[in-house]
Structures are given as C-alpha cells and as structure tokens.
Amino acid sequence: MTMAPLLDKKILRHFARAGTIGFHMVISTFVGYLIGSQLDKWLVTSPWFTITFLILASQPGSENLRASPKGYQMTNDQ
C-alpha cells in the first residue's frame, strides 16, 4: 500500500495561487501609495494624490481576489 505524498502538486498549486493573490494586493497598494505620495510632495497637494492612487491601486488587487475562485474551479476540474 502506497501513501500519497504529504504535499501533493495540487495542494502546492493552491498555496502558490493564494500567495500570488496576497502578493499582488500588497504590491499594487504599496506602489499606488508611493506614486501618490511622491506626486503630493512634488505638487504640494497633500493628501489628495495619495488617497487617489491608493484607491486606484487597490482595484487590480481586489479584482484579482474576486476572480480567484474561478481559477480554483478551473484547476480543480482538470
């Protein structure tokens, strides 16, 4: 009788996908903050560009989070 490996390829694929989603959310928000804060410093318009770019940058991360269950369903069917 053979035992299945503890970390199956499917499980590792799910962990990798979940880590990528979190990474995209954090990085996009951080880049939006950096761009907004630098524009605020340059144009002396604090905090308007920072707030605007934080909102704009959070959209791709949340879109990726919303679309992730569809990706899980596709990989489970294969």
Passing option when Thr52 is tested against Thr50, Ile55, Leu56 for side-chain contact (heavy atoms from CB on, under 4.5 Å):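 One option only clears the test, and that one is Leu56.
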
Which residues share a side-chain hydrogen bond (donor to acceptor under 3.5 Å, both in side chains) with Thr45, sequence neighbours left out: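 Expected list: Asp40.
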
Cluster link Phe49 to Trp42, ILVMFWY, side chain under 4.5 Å: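 Yes; Trp42 is reachable from Phe49 via cluster members.
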
Distance-only donor-acceptor pairs under 3.5 Å for side chains of residues 28-37, two or more places apart:
from, atom 1, to, atom 2, distance (Å)
Ser28, OG, His24, O, 2.9
Ser28, OG, Met25, O, 3.3
Ser28, OG, Ala57, O, 3.2
Thr29, OG1, Met25, O, 2.8
Ser37, OG, Tyr33, O, 3.1
Ser37, OG, Leu34, O, 3.1

